[in-house]
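Comments concern the structure below.
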There are 2 protein chains.
Amino acid sequence: MTAERSTRDRLLDSFETLLVSDGSRAATLEAVAAHAGASKGGLLYHFHTKDELIGAMLDRLRDHAAADVERMRVAPEGPAAYYLNTSVDSGSDFDRALIATARIAQENVDAASETLDAVRADWLAVLFEHLNDRPLAQAIQLMGDGLYFNDTTGNQDPQALTSAHEILKRLGL
Amino acid sequence: MTAERSTRDRLLDSFETLLVSDGSRAATLEAVAAHAGASKGGLLYHFHTKDELIGAMLDRLRDHAAADVERMRVAPEGPAAYYLNTSVDSGSDFDRALIATARIAQENVDAASETLDAVRADWLAVLFEHLNDRPLAQAIQLMGDGLYFNDTTGNQDPQALTSAHEILKRLGL
DNA sequence: ACTACTGTACCGTCTGGACGGTACATATTC
DNA sequence: GAATATGTACCGTCCAGACGGTACAGTAGT
């Protein structure tokens, strides 16, 4: 009857947090365990290797993504606006998982790149399905990616999101 | 009368290459030296610490950026189209320096984040100066960022650039 | 008794950095 | 013009600490 997060989940949370806020270099097994208030032995009980920890992170992203695509499909403001809005909400669990995975992908981890590609393809499919206009769908995805990019490099201009919406309006959305 | 690249330059080139293709984790001093065909001692002769190596990388980016802003200002196709085109040309020296710096910035290196912000501000200024339309300027920059983001995570859809240009056309450019 | 851990000790490897040495080109002094 | 410095551009080796991973003994709750 408790909503407490399991140690396993907390370890994944910590891995995510360290990746997002300090980069892959800081996300060592010891640092992850310490951040989660667990021992290194405890971490290795749940994840036998670092690859297994990464794999669990990718599973988590896929779960979030499947749910997000559903929300996007039925969003009252439409998929395009929903997509842009959530692209800048880097506080959400989903976004954290996404950014964390992007950082892993940078170290030439194929599984991470592939997961990322799959998620992006799903998004684009929903945008295209709704708009029936490929250039527009891709441009929206590009702007969403841009909002991410800014967010993840510490550059946060609150006007950027407003500008993206304004452009959508001019394009007849 | 020779155009040979100095060891110092080659070391910086290698640092850049390792950052771009394998991430910050792979860009160790030893790996950089080995990639440049130099010894670790030789590297440390030119750059006394890793921070100094990073500093030199930021200097290089600033130099490239200043030149790029000038080219953008006088580009015959206009700053907007020039910006989008160069955003996807990740083979250029400038882009390599930019991506390398973005990776450094992810490890909470303030100097790198600040340099990146400054470069982005310069670009936006030229776009705004030319278009006199803030939302449009920002949207273009977002699409450019998106093209980068895709490029750097291994996802390279050649249609994306075409779509971005198509949207510019629809917006009256 | 089983699950879910903690804690400690350890291994082999990698890391940033310090350091001493080498080769050679260019002054400086006599 | 020979001898002696000085500076530049490196190489190779060493070190303390951190890394991913292993092993295992112990503990607390169910």
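So you know, we letter chains A, B, ... as the sequences are listed, proteins then strands, and number each from 1.
- Comparing D:dG20, C:dT6, D:dT8 by their closest approach to the side chain of B:Tyr45 singles out D:dT8.
- Contact annotation: B:Thr7 side-chain N/O to D:dC10 OP1/OP2 distance is under 4.0 Å.
- Distance CG (B:Leu18) to C1' (C:dC14): 15 Å, rounded to an integer number of Å.
- As a whole-Å value, the separation of B:Asp51 CG from C:dG17 C1' is 12 Å.
- For the pair B:Glu107 CD and C:dT15 P, the interatomic distance rounds to 14 Å; values are reported in whole Å.
- Each of A:His46 and B:Ala31 has a nearest nucleotide on DNA chain C; the 5'-most of these lies closest to A:His46.
- A:His165 and A:Asn85 form a side-chain donor-acceptor contact under 3.5 Å, judged by distance and modelled atom types alone.
- A:Ile54 has its CD1 atom 12 Å from the C1' atom of D:dG20, to the nearest Å.
- The closest donor-acceptor contact from the side chain of B:Arg134 to the backbone of B:Phe128 lies at 3.5 Å or more, if one exists at all.
- Minimum atom distance to the side chain of A:Glu30 is reached by D:dC19, of the listed D:dC19, C:dG16, C:dT6.
- Here the side chain of B:Leu44 is nearest to one of C:dG16, C:dA18, D:dG20, namely C:dA18.
- Atom NZ of B:Lys40 and atom P of D:dC15 are 14 Å apart (whole Å).
- Looking at the side chain of B:Lys50, the nearest of the listed nucleotides C:dT15, C:dA4, C:dG17 is C:dG17.
- Between A:Asp122 and A:Arg73 there is no salt bridge, since no side-chain N of the basic residue sits under 4.0 Å from a carboxylate O of the acidic one.
- For the residue pair A:Tyr82 / A:Asp68, a side-chain donor-acceptor distance below 3.5 Å is found, with atom types taken as modelled.
- Closest contact between the side chain of B:Thr28 and the listed nucleotides D:dG20, C:dT15, C:dC5 involves C:dT15.
- Between B:Arg62 and B:Asp59 there is a salt bridge, with a side-chain nitrogen of the basic residue lying less than 4.0 Å from a carboxylate oxygen of the acidic one.
- If you measure from atom CG of B:Leu29 to atom P of C:dC19, you get 16 Å, rounded to the nearest angstrom.
- Distance B:Phe47 CZ to C:dG17 P: 14 Å, rounded to the nearest Å.
- The separation between B:Leu43 atom CG and C:dC19 atom C1' is 16 Å, rounded to whole Å.
- For B:Arg25, taking side-chain heavy atoms from C-beta onward, the closest of the listed nucleotides D:dC19, C:dG16, D:dC11 is D:dC19.
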